[in-house]
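Notes for the one structure printed next.
If you're wondering where the values come from, they're calculated on a predicted model, not measured in any experiment. Counting starts at 1 for both ligands and their atoms, following the listed order.
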Amino acid sequence: MQINIINKSGHALPQYETAHAAGMDLRAHTDTQIVIKPMQRVLVPTGLFIELPVGYEAQIRPRSGLAYKHGISIVNAPGTIDADYRGELKVLLINLSDTDFVINNADRIAQMVIAKHETVSWTPVETLNETARGEGGYGHTGK
Ligand SMILES: O=c1ccn([C@H]2C[C@H](O)[C@@H](COP(=O)(O)OP(=O)(O)OP(=O)(O)O)O2)c(=O)[nH]1
Ligand SMILES: [Mg+2]
């Protein structure tokens, strides 16, 4: 499918890095180097603006390589981009390591998955149907 995008980043458009990748990497759009100190969070601009079709969302997810090697994650993972959002895509990174992490312009900082979603309406009721699980949760089936 095609999605309208405005690209003010000066970088190439996000792309799938392999043939069947689910996510497209997002690059930082910054004039100055960004340093994220341990346990600090930073909202990193991408320079991208998109027009998702109704019924679709974009999910902003961490990159596992950055997470494993540098403790870089996303505070609100997965970030949700609504179909009616027209602002700049931004990535809320957090440094979970004990050393500073440096981001340069064009670094690939996160990945974005485009996904369908349902829009539901509620039917208020007094009881819900019975299941074997019932209210069990939070590990009630054991280790
Ligand atoms: O990682 C993110 C998460 C959100 N957004 C943008 C797109 C999204 O549509 C909008 C609102 O996000 P969200 O609903 O998660 O935030 P909120 O705190 O509920 O704000 P709002 O009241 O504006 O919905 O912010 C981003 O650019 N990056
Ligand atoms: Mg919201």
Side-chain angles (χ1 to χ4, degrees), residues 1-129 131 133-141 143:
M1 68 184 288
Q2 302 237 314
I3 294 178
N4 291 342
I5 185 167
I6 295 173
N7 182 5
K8 297 184 180 175
S9 71
H11 318 314
L13 287 174
Q15 61 181 24
Y16 298 106
E17 299 292 333
T18 60
H20 305 297
M24 288 178 278
D25 288 342
L26 295 176
R27 294 177 184 273
H29 171 58
T30 177
D31 292 338
T32 57
Q33 203 170 60
I34 298 171
V35 178
I36 316 181
K37 295 189 176 306
M39 293 312 294
Q40 194 186 20
R41 52 187 189 270
V42 174
L43 197 55
V44 183
T46 66
L48 301 174
F49 303 72
I50 63 176
E51 190 181 311
L52 289 166
V54 171
Y56 287 81
E57 58 153 342
Q59 301 171 0
I60 310 291
R61 303 183 185 178
R63 293 185 68 206
S64 65
L66 292 182
Y68 179 55
K69 293 176 198 160
H70 303 287
I72 297 300
S73 191
I74 293 178
V75 182
N76 57 324
T80 304
I81 308 299
D82 301 290
D84 52 2
Y85 180 68
R86 295 292 174 266
E88 181 175 9
L89 302 186
K90 293 184 180 174
V91 180
L92 188 49
L93 293 181
I94 185 163
N95 180 356
L96 300 175
S97 78
D98 54 11
T99 54
D100 289 2
F101 183 73
V102 174
I103 298 171
N104 290 297
N105 188 39
D107 281 356
R108 288 182 290 153
I109 51 169
Q111 59 185 318
M112 178 168 69
V113 174
I114 309 292
K116 280 186 186 173
H117 71 84
E118 299 289 337
T119 300
V120 307
S121 58
W122 297 110
T123 304
V125 295
E126 295 303 322
T127 56
L128 302 176
N129 73 352
T131 68
R133 172 181 286 275
E135 296 187 18
Y138 312 100
H140 93 295
T141 57
K143 216 173 174 185

Non-hydrogen protein atom less than 4.0 angstrom from atom 17 (P) of ligand 1: no
Test item: Met1 and Pro53 side chains (from C-beta on) under 4.5 Å apart, heavy atoms: yes
Taking atom 25 (O) of ligand 1 as the reference point, the nearest protein heavy atom with its distance: Tyr85 CE1, 3.9 Å
Sidechain-backbone polar pair: Glu88 side chain, Gly47 backbone, donor-acceptor under 3.5 Å: yes
Identity and separation of the nearest protein heavy atom to atom 15 (O) of ligand 1: Thr80 O, 4.2 Å
Nearest-contact summary for atom 27 (O) of ligand 1 - protein heavy atom, Å: Lys90 N, 3.1 Å
Ile94 and Ile72, any side-chain heavy atoms less than 4.5 Å apart: no
Atom indices of ligand 1 within 4.0 angstrom of Gly79 heavy atoms, with elements: 1 (O)
Side-chain heavy atoms of Glu135 within contact of His140, under 4.5 Å: no
Sub-4.0 Å protein heavy atom next to atom 21 (P) of ligand 1: no
Asn105 side chain to Thr30 backbone, donor-acceptor under 3.5 Å: yes
Donor-acceptor pair, side chain of His70 and main chain of Thr99, under 3.5 angstrom: no
Numbering as shown, the atoms of ligand 1 that approach Asn76 to under 4.0 Å (heavy-atom distance): 1 (O), 2 (C), 3 (C)
Atoms of ligand 1, numbered as shown, that sit under 4.0 Å from any heavy atom of Glu88: 27 (O)
Under 3.5 Å donor-acceptor, Asp25 side chain and Arg108 backbone: no
Short side-chain to backbone donor-acceptor contact, Ser9 and His29, under 3.5 Å: no
Ligand 1 versus Asp84: contacting region, heavy-atom distance under 4.0 Å: neither
Atom 1 (O) of ligand 1: any protein heavy atom closer than 4.0 Å: yes
Within-shell test, Ile81 vs ligand 1, heavy atom, strictly < 4.0 Å: yes
Atom 14 (O) of ligand 1 [closest protein heavy-atom partner, distance rounded to 0.1 Å]: Asp82 OD2, 3.8 Å
